[in-house]
Each structure stands twice: as structure tokens, then as C-alpha cells.
Amino acid sequence: MRYSNNERHPLHSVEPFGDFKEMIAQQVEKNPDAIAYRYTVKKEDRTKTFREFQADVNALGTGLTEMGIHGSHIAMVGENCYSWIVTYLTVLGSDNVYIPADKELPFGELINVIEHSDAEYVFTTRSFEAKFRENADKMPWIKKFIIYDPKETAEGRFMAAEELMAMGRKALEGGNTAYIDEKPVDEDLGVIVYTSGTTGKAKGVMLSRHNLRSCVYYGMMVSSVMPISLSVLPYNHTYESTCDILVCLHHGATVCINENLRTVADNLKKYNPYIVMLVPLFVENFYKKIWKTLEKSGKAETVRKLLKFSAGLRKVHIDLRKVLFKDLRAVFGTNIKKIVCGGAPIRSDVASFFDGIGIDLCNGYGITECSPLVSANMDNYNDYRSVGCLLPCIDVEIREPNAEGEGLIFVKGDTVMMGYYKNPEETAKVLSDGWFNTGDYGKIVDDKLFITGREKNLIVLKNGKNVYPEEIESYIAVIPEISEIVVYSLKDEQGNEVALCAEIYPEISYAAGREKQEMQKYFLEEIEKINVDLPIYKQVHTVRIRTTEFPKTASRKIKRAGLGQQAPVSEEK
């Protein structure tokens, strides 16, 4: 069946823009001295206004034109920082192609990505300077390594980004407006994003400027933007770079740049954001830490009673959540209104808790190949079980639906990628007549998209029953002592999938001093309580205990490839 956004619910009004330089100019015209970015460098707090940001972008862009860099592929490798954003918007405003490389990759794989992308120039930060100097001979095709705040003298193939920007400023003062006047073609390739897939080899997703523009413009129609955002997730992923950085820039919001995962809690209080974009794993960790603290302080039962009391008041239209749960909300700062989640389903107990203390937990759905946004929950029409309403610029088809209406999700429209870079075979597998096969199963109910599971993760048992492991994981993950869980099938000697196994990484505090057998027995007992409410084919009767975290992608998704292949069904119970 085919679906589109039927606009039953009012959409937000969004100011159109022709390209990303125009988007910046709109903010400079309206709010030149408003703060665009807040961040910390060497423990020193810094800010940049929209006027200063535009000046930095124009300086770097003009520096590139002075060096004759046109139509080139430019890679960026670095931690989340202001310089990353300047480079990103500079390249988007030119006729060059941006390659946001994953800094978490082993350096050998990083070199492979840079080579495959045909990058001729690499921007990087001081953190990665030594690695690039050590490996420069392995990358003879790179014309320049451009380093922000280099530690060593920049010469030869190495150049300081500050020198390039100074060159651009001097040229601007001399009347060079080549970069400012440049109008990149909207439909041309703008970005190559290498996916960090959970089940296979990374591919270079080709996105045009039109793809990104459409994601910003139409995405803001279904999801409101707040005045201050804390920017946490890796910038090389489109979820953060498009839905946070570009969207906030268009809206004129302040982006507060979080340095690393260790500083998130402190920066929530320091910057007091209204909104933060996270993946469910982050939210679940906050949830568990809050309850652990409450249990330790003896306040857990009081909070449970307050949550019930508050829920009763809300039924008669009395909302005291901000007052009753002021201390709990303070974990996220004094302004927090909304946490946007993407990348995986939200557990019902987690969503209910955040709603109960007065923080909107809005789920959305995206995939890199769709720039990345497909749908998002609207503020006045939020259902955490779903991933929200479709963007107005796309159509969705649910193909070969089962009796419950679940089928493969295909997407067509302005956010769908151009294809995979130098990989026509893989492109042909997923893209036909403009329709992109997401590889996800789902259904649409009352204008909302519901994700059931991944095609690659689907378990087909010997009896023909289909099991989505994500569903089973969501049931079991409510056990407090579980830190991470993956459900997969165990096979018999003929290779048939015959039973379900839960592989569990326990909470560190619970696992301390306990033997595997003790933990295994406990989790089996807890899972058996859950099994009572599940059909037989969805029940888990085997548990494996991990002593280390599951391997993950840079966006904190568990890599499933290879899991469950170590032993036959007869191994453990």
C-alpha cells in the first residue's frame, strides 16, 4: 500500500531557502549578533555569532578558491567541534563534495574510506595530526592535509587551516567575491556519507544538496525546533549533521557543542538546552542511572507514588510535572522540553517515565540513504510506539504486507539518495524507479509509521514463524540488571533456526563478584516471567552472558554481524 503525509495535522511554517549560503545569510540578516555556537576549547568557554560564523565560512571558502580548489572531494576527520561545522557549511556552499569520515574507524580503514571517496584534500584537527603525518606516505593522492591548530610546523603537503582562512580574508578584503557569488548546482553531488552498518560493509551514500535541503525544509514542517540545542552525536552521521546542525542553523537556534561522552551530564547543566538529540541507548542509560540513584537514596518508592499521583491529576487537566519532578528534570538542565530519539525503538517504560516527569520523548525514523529523515513524531501528535508522521516530500509503500499490515518499507521522494558511490551493483539492489528499499519492516496506522524490525535481522524459525528480534529485546530489556541485549536464533545441525537465545551484557554493578552461572539462572527466571505473555514461538529459553559490551558503530548501534554463530542449540540453557 502507498502512503503520504495527508496533512490532517497542522504543519509548521518554514522559511524557504535556495542554498546553504542563503540559509546562513537569512540568519545574519535577522539576528547578526545572536549566538550561533557555544563550545569549550582548553577549558575556555567560547561563542560565535551568526555574523562571525558567516565570516569564517566565507574566509575558508574564499581560501579554497584562492588555491584553485573546485569540483574536488574534501574529507573531514575530527571530533565534534566548531571547526568541523565551519568546514561542512563551507563545502556545502561550494561546488566541492564533502566526505565526513568516521573518526572511530581503525586508521587503516579510515585511509581506505578516504581513498575510495576520491578525496584530494583532508581537513583534520590537532587530535589526528600525528596519525596523518605518520601515514601521509600511504596517501600519496592527497594534495593537502589541512589542520586546525596544528602542533607542528605546517609545510609541504601539510597546511594550517588558520593560514588558509587568513588567505581567504585577505582576498575578501581585496574584493574577491568568487566564493560568495558561487551558486552550487542543487541536484549535484554534495556529500558522500559512509554508512557504519550493523550487518555489513560500509557503503558511500551519495546525497545531493537538494536531498539535504529537502530534509531540513520538510523535516521542520513536522518537528518543531527549540532555541538551544546540545549537540552530542557524531557529526559524521546525517542524523546529527542534518537534523541538528543544519536545522538549528536554519531556525536561528544556538548549538552548544558537547566535547565528548564524559561531558554530556555536565554540559546539560552548563548550557541548559531546550532540546537534545540522542539515540535510545543514551536515553536508557540516563533512565537507569536516575532510578539507580533513587533506589540508593531511598526515594524510589516516593517517586513512583508521585508519578501515579501526577498521572491522575493530568486526567483532570492539572499538570504539575515541572513542580513535582523539578529535581529529576534538573539532570537535563532547567530548560529541557524535548529529547528527540532515532535509530532504534524506544522502550515503553523509558518513554512513560520521561513523559511522566514532563519531558517529551519524540521518536523519529531515518536512514542515511534518506538524508536521513523519513518521519518524525509531531509535538501535538506524539506516540512513542511509532516513529511519527511522514515528511510531506516523500511517499512510502508497504510492500507485501502480512495480515497485520506489516511489510517492507520503500521510500520515494526528495530526501532519497542518488545512489552508492562507485557501487552500481549495490545501488541496483535497493533503488529502482526512485523507490528505495529501506530494509526495514513496518506498517502505517492512523497516519503514523511503526517500525517492526530489520529485514536482515528477521528470524524465520523452522516452523515458518517470523520473529523480529528487536521486539523481543524490548520486552526483556526492562529487566534492570541488563545493560545490553541481543536476541538471535540458535540453529540445529542442519542449519535450521529452531530456538531463540538472549545474549546479555549485565550491568557492571550487578555482575561484580557474580559467576556466569548465577547470572544466567537469574536472567532465565526473569525471562520466563516475560514468556508467559508471549506466544510459544517468541519465547526465549536460552541465555548467554557477555563479559564485555557488544561491538558498536559510531552512532552506538550494536553490530549484529557474527553474533549467535559460535555454538549450536544444544550448548547452554
Side-chain angles (χ1 to χ4, degrees), residues 11-39 45-64 76 80-94 98 100 165 168-169 172 177 179-184 186 190-191 209-232 235 238-258 271-277 335 337-338 340 371 373:
L11 301 175
H12 299 292
S13 177
V14 182
E15 182 177 10
F17 61 100
D19 58 38
F20 292 101
K21 280 192 297 219
E22 182 182 329
M23 187 173 77
I24 298 171
Q26 288 172 349
Q27 292 310 315
V28 174
E29 182 179 349
K30 289 185 288 187
N31 303 295
D33 298 317
I35 296 174
Y37 300 101
R38 293 183 65 189
Y39 55 100
D45 291 339
R46 298 187 184 181
T47 63
K48 287 283 184 176
T49 66
F50 287 102
R51 190 203 309 269
E52 290 170 332
F53 176 65
Q54 184 187 49
D56 287 343
V57 167
N58 286 343
L60 184 59
T62 304
L64 293 176
M76 175 72 200
N80 288 9
C81 59
Y82 174 71
S83 299
W84 198 104
I85 299 173
V86 170
T87 312
Y88 181 39
L89 269 298
T90 297
V91 177
L92 286 181
S94 71
Y98 192 64
M165 295 178 77
R169 289 192 181 94
L172 283 167
T177 60
Y179 174 76
I180 294 173
D181 296 337
E182 185 178 0
K183 298 289 184 185
D186 200 41
V191 178
R209 288 167 180 79
H210 179 75
N211 289 149
L212 298 177
R213 249 188 355 101
S214 299
C215 193
V216 172
Y217 182 70
Y218 293 104
M220 291 176 69
M221 288 185 178
V222 298
S223 184
S224 61
V225 188
M226 304 290 176
I228 302 174
S229 168
L230 181 64
S231 178
V232 174
Y235 286 178
T238 49
Y239 177 34
E240 181 65 30
S241 63
T242 303
C243 301
D244 197 6
I245 292 174
L246 294 183
V247 164
C248 284
L249 182 56
H250 180 281
H251 187 71
T254 300
V255 171
C256 303
I257 302 171
N258 182 68
Y271 294 123
N272 288 314
Y274 288 79
I275 185 172
V276 60
M277 300 183 68
N335 293 326
K337 292 181 179 293
K338 184 176 178 180
V340 179
S371 307
L373 204 54

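Being a predicted model, the structure only gives us computed values, none of them experimental.
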Examine distances only and state if a side-chain atom of Lys21 and a backbone atom of Tyr179 form a donor-acceptor pair shorter than 3.5 Å. yes
Between Cys81 and Tyr39, is any pair of side-chain heavy atoms under 4.5 Å apart? no
Atom pair CG (Leu249) and CZ (Phe53), whose distance is rounded to the nearest 0.5 Å: 5.5 Å
Ion pair present between Arg46 and Glu52, side-chain N to carboxylate O less than 4.0 angstrom? no
Which residue in the set Tyr37, Tyr88, Tyr235 passes ring-ring contact (aromatic ring centres under 6.0 Å, His included) when paired with Tyr82? Tyr37
Evaluate Leu11 against Val222 for side chain to side chain contact (heavy atoms under 4.5 Å, CB included), listing each step before the verdict. CA-CA 6 Å; Leu11 301 175; Val222 298; 3.9 Å; yes
From Leu246 atom CG to Leu89 atom CG, the distance as rounded to the nearest 0.5 Å: 6.0 Å
Over all heavy atoms of both residues, which pair between Gly168 and Thr62 is shortest? Give the atoms and the distance, please. O-CG2, 3.6 Å
Would Glu182 and Ser94 count as a side-chain hydrogen bond (donor to acceptor under 3.5 Å, both in side chains) here? Give the steps. CA-CA 7 Å; Glu182 185 178 0; Ser94 71; 5.1 Å; no
Are the side chain of Gln26 and the backbone N or O of Gly252 linked by a donor-acceptor pair below 3.5 Å? no
Taken to the nearest 0.5 Å, the spacing of Ser371 OG from Arg213 CZ works out to 12.0 Å
Electrostatic pair Arg51:Asp33 at N-O distance under 4.0 angstrom: yes
Answer whether the closest heavy-atom distance between the side chains of Val232 and Val276 falls below 4.5 Å. yes
Looking at every heavy atom in both Arg209 and Leu92, which two are closest together, and how far apart are they? NE-O, 2.8 Å
Please report the closest heavy-atom contact between Ser229 and Pro273, naming both atoms and the distance. C-CB, 4.0 Å
Go through the steps to decide whether Ile275 and Val340 satisfy the test side chain to side chain contact (heavy atoms under 4.5 Å, CB included), and finish with yes or no. CA-CA 7 Å; Ile275 185 172; Val340 179; 3.7 Å; yes
What's the separation between atom OH in Tyr271 and atom CG in Asp45, rounded to the nearest 0.5 Å? 5.5 Å
Judged by atom type as modelled, is there a donor-acceptor pair below 3.5 Å linking the side chain of His250 to the main-chain atoms of Glu15? yes
Under the side chain to side chain contact (heavy atoms under 4.5 Å, CB included) rule, what do Ser223 and Lys338 come out as? Steps first, then yes or no, please. CA-CA 11 Å; Ser223 184; Lys338 184 176 178 180; 3.3 Å; yes
Between SG of Cys248 and CE of Met220, what distance do you get to the nearest 0.5 Å? 8.5 Å
Take His12 and Val225 through the test side chain to side chain contact (heavy atoms under 4.5 Å, CB included) and record every step on the way to the result. CA-CA 10 Å; His12 299 292; Val225 188; over 6 Å; no
Would you compute the distance between atom OG of Ser214 and atom CG of Asp186 and round it to the nearest 0.5 angstrom? 7.5 Å
On a heavy-atom basis, which atom in His251 and which in Met226 lie closest, and how many Å separate them? CD2-O, 4.2 Å
What heavy-atom pair brings Thr254 and Arg38 nearest, and what distance separates the two atoms? CG2-CG, 4.1 Å
So which heavy atom on Leu60 is nearest to which on Thr87, and how close? CD2-CA, 4.0 Å
